[in-house]
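What follows is one structure encoded as structure tokens, with my remarks underneath.
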Amino acid sequence: MPELPEVETVRRGLQPFMEGATILAVEQRRPNLRFPFPDRFAERLTGRRIEALERRAKYLILHLDDGLGVISHLGMSGSYRIEQGEAAQAPGNFTHERSKNALHDHVVLRLGGKDGQTSSIIYNDPRRFGFMLFAEPGQLNTHPLLKGLGTEPTGNRLDGALLARLFHNKAAPLKAALLDQRLIAGLGNIYVCEALWRAELSPLRPARSITGPDGASTENTERLATLIRSVIADAIAAGGSSLKDYRQADGELGYFQHSFSVYDREGAPCPRTGCNGTVSRIVQSGRSTFYCPVCQH
DNA sequence: CGATCCACCTGTCGGC
DNA sequence: TGCCGACAGGTGGATC
């Protein structure tokens, strides 16, 4: 269930195991996910040291000691889990009571940490919309999947003035504009719905209608920018709090159980104090939008 | 060019 | 119970 906050939560969970670790072995169990694995995938990873694990938008990027970049995207259903100890010693041994979920374990990385501990990092992805690709040394910034990405909604670069510039002359509905990764990178269906609800803005409204003439900042762009940042920050903070038990009994990386104001709450009363509206579900660009038609204008 | 749709997959859930 | 359709957190690529 990965939007930016979930991917950041995964990154924080993997980082202590990955950074500084050496890749001892790689098991690639099928030829492709959404895309074919790169040629010599396992071979080029084996023996390398992982220098850093970075997140950009919804992508995870491993930086290896020979300059190779590994770009990992979780798609709709991808997840990583960490196994330590005996269970991790036998990748491929899933014949006994290992759940049928193991059917979708597509990649296993055996790591030797700087502390001498070994671990297995397992990528699972039932729908296989995720992928792993290489960026050759020095090519990360020009990689086709990364070069067009817009501004991160973390930090302070996303403000009302930037949003106004991005949306100036955009006829597309706010919902579609906020999902456009070339404008803001990392927002997905859930947090777009939640941010628009917080900002009391209708997802149907043309993006350009909240900017001033000539793309000037307005109260609306200021408020929306602020609330996008806060919803993402809140979600990351909540995901982070679930990190303490990232390794559950089954070894699954647990996602924070979000409680949403509108997402997936069709028919529920609008939670805004003083609003007597009901959460609606409509379809925009083929995807569900949840919003309150009473207080979002 | 920009804006819109579809395709890619498997799993789950609700209705009959 | 079983079957069937709708739907799911994303995005590259085809098409207009």
Side-chain angles (χ1 to χ4, degrees), chain A residues 1-11 29-37 55-60 71-80 99-107 123-133 135 143-150 153 166-197 203-204 206-208 228 231-232 234-236 238-239 242 252-267 280-291:
Chain A
M1 316 171 172
E3 295 186 30
L4 185 156
E6 288 74 26
V7 177
E8 177 61 21
T9 298
V10 170
R11 189 193 71 78
R29 296 182 176 165
R30 51 175 300 124
N32 64 289
L33 294 171
R34 177 170 181 184
F35 304 121
F37 282 92
R55 179 193 58 74
R56 176 78 174 97
K58 302 170 196 172
Y59 295 91
L60 290 170
I71 301 170
S72 165
H73 196 289
L74 302 174
M76 296 275 266
S77 60
S79 64
Y80 282 97
S99 75
K100 64 186 172 190
N101 201 31
L103 183 68
H104 301 298
D105 289 347
H106 304 308
V107 177
Y123 180 70
N124 181 285
D125 189 355
R127 291 177 76 177
R128 305 203 302 272
F129 288 173
F131 52 84
M132 293 186 196
L133 296 173
H143 192 282
L145 293 178
L146 304 179
K147 70 178 180 202
L149 288 172
L166 293 173
F167 286 179
H168 182 49
N169 282 342
K170 278 253 176 296
L174 276 175
K175 171 75 185 300
L178 291 173
L179 281 174
D180 188 337
Q181 303 295 300
R182 297 167 301 181
L183 304 180
I184 303 169
L187 298 184
N189 207 29
I190 293 174
Y191 297 112
V192 167
C193 291
E194 294 296 304
L196 286 171
W197 179 81
L204 295 161
R208 63 185 175 202
I228 289 169
V231 78
I232 292 297
D234 290 351
I236 290 175
S242 76
E252 201 74 22
L253 268 175
Y255 289 108
F256 171 68
Q257 297 298 304
H258 303 277
S259 67
F260 304 120
S261 296
V262 288
Y263 183 82
D264 203 21
R265 297 182 61 82
E266 182 183 18
S280 287
R281 173 184 177 273
I282 60 173
V283 175
Q284 292 181 282
S285 320
R287 310 189 65 194
S288 290
T289 296
F290 298 89
Y291 77 112

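Here is how names work: the chains are called A, B, and so on, in the same order as the sequence lines, proteins then strands, and each is numbered from 1.
Between the CZ atom of A/Arg128 and the P atom of C/dG12 there is a distance of 19 Å, given to the nearest Å. When rounded to the nearest whole Å, the span between CG of A/Leu33 and C1' of C/dG10 equals 14 Å. We find that CG of A/Asn32 is positioned 8 Å from P of B/dC9, with the value rounded to whole Å. Atom C1' of nucleotide B/dC8 and atom CZ of A/Phe35 are separated by 9 Å, given to the nearest angstrom. Counting to the nearest Å, the C1' atom of B/dC13 and the CG atom of A/Asp264 are 12 Å from each other. For the pair A/Arg34 CZ and B/dC6 P, the computed distance is 16 Å after rounding to whole Å. Taking atom CG of A/Leu183 as the reference point, atom P of B/dA3 lies 9 Å away to the nearest angstrom. Here the C1' atom of nucleotide C/dG13 and the CZ atom of A/Arg182 are 13 Å apart, to the nearest Å.
Contact check, A/His73 against C/dG12: no side-chain N or O comes under 4.0 Å of OP1 or OP2. Dashed line: the shortest gap from a side-chain N or O of A/Arg287 to OP1 or OP2 of C/dC7 is not under 4.0 Å. Contact annotation: A/Lys170 reaches the phosphate of B/dA3 (side-chain N/O to OP1 or OP2, under 4.0 Å). For C/dA8, the OP1/OP2 oxygens have a side-chain nitrogen or oxygen of A/Ser288 closer than 4.0 Å.
Using a 4.5 Å heavy-atom threshold, the side chains of A/Asp125 and A/His104 count as separate.
Heavy atoms of A/Phe131 sit nowhere under 4.0 angstrom from any nucleic acid atom. Counting non-hydrogen atoms under 4.0 angstrom, A/Leu145 reaches the backbone sugars and phosphates but no base. Among the heavy atoms of the strands, none lies under 4.0 Å from A/Gly286.
Counting atom types as modelled, A/Arg127 pairs a side-chain N or O with a base atom of B/dC9 as donor and acceptor under 3.5 Å.
Between A/His73 and A/Tyr59, the two ring planes are perpendicular [angle over 60°; tilted spans 30° to 60°].
The two residues A/Leu133 and A/Pro36 come nearest to each other via the heavy atoms CD2-O, 4.1 Å.
Stacking of the aromatic ring of A/Phe129 onto the base of C/dT11 is not found under the criterion of centres within 5.5 Å and planes under 30°.
Comparing C/dA6 with B/dC6, their P atoms sit 14 Å apart, to the nearest whole Å. Comparing the same atom, C1', in B/dG11 and in C/dG12 gives a spacing of 23 Å after rounding to whole Å.
Side chains of A/Ser72 and A/Tyr80: a donor on one and an acceptor on the other come within 3.5 Å.
The closest donor-acceptor contact from the side chain of A/Glu194 to the backbone of A/Ile228 lies at 3.5 Å or more, if one exists at all.
Counting heavy atoms of neighbouring residues, nucleotides and ligands inside a 6.0 Å radius, atom CZ of A/Arg55 exceeds 12 of them.
Using Watson-Crick or G-U wobble geometry with both donor-acceptor distances under 3.5 Å, C/dG13 finds its partner in B/dC5.
Set against C/dG10, B/dC9, B/dG11, the side chain of A/Pro126 has B/dG11 as its closest nucleotide.
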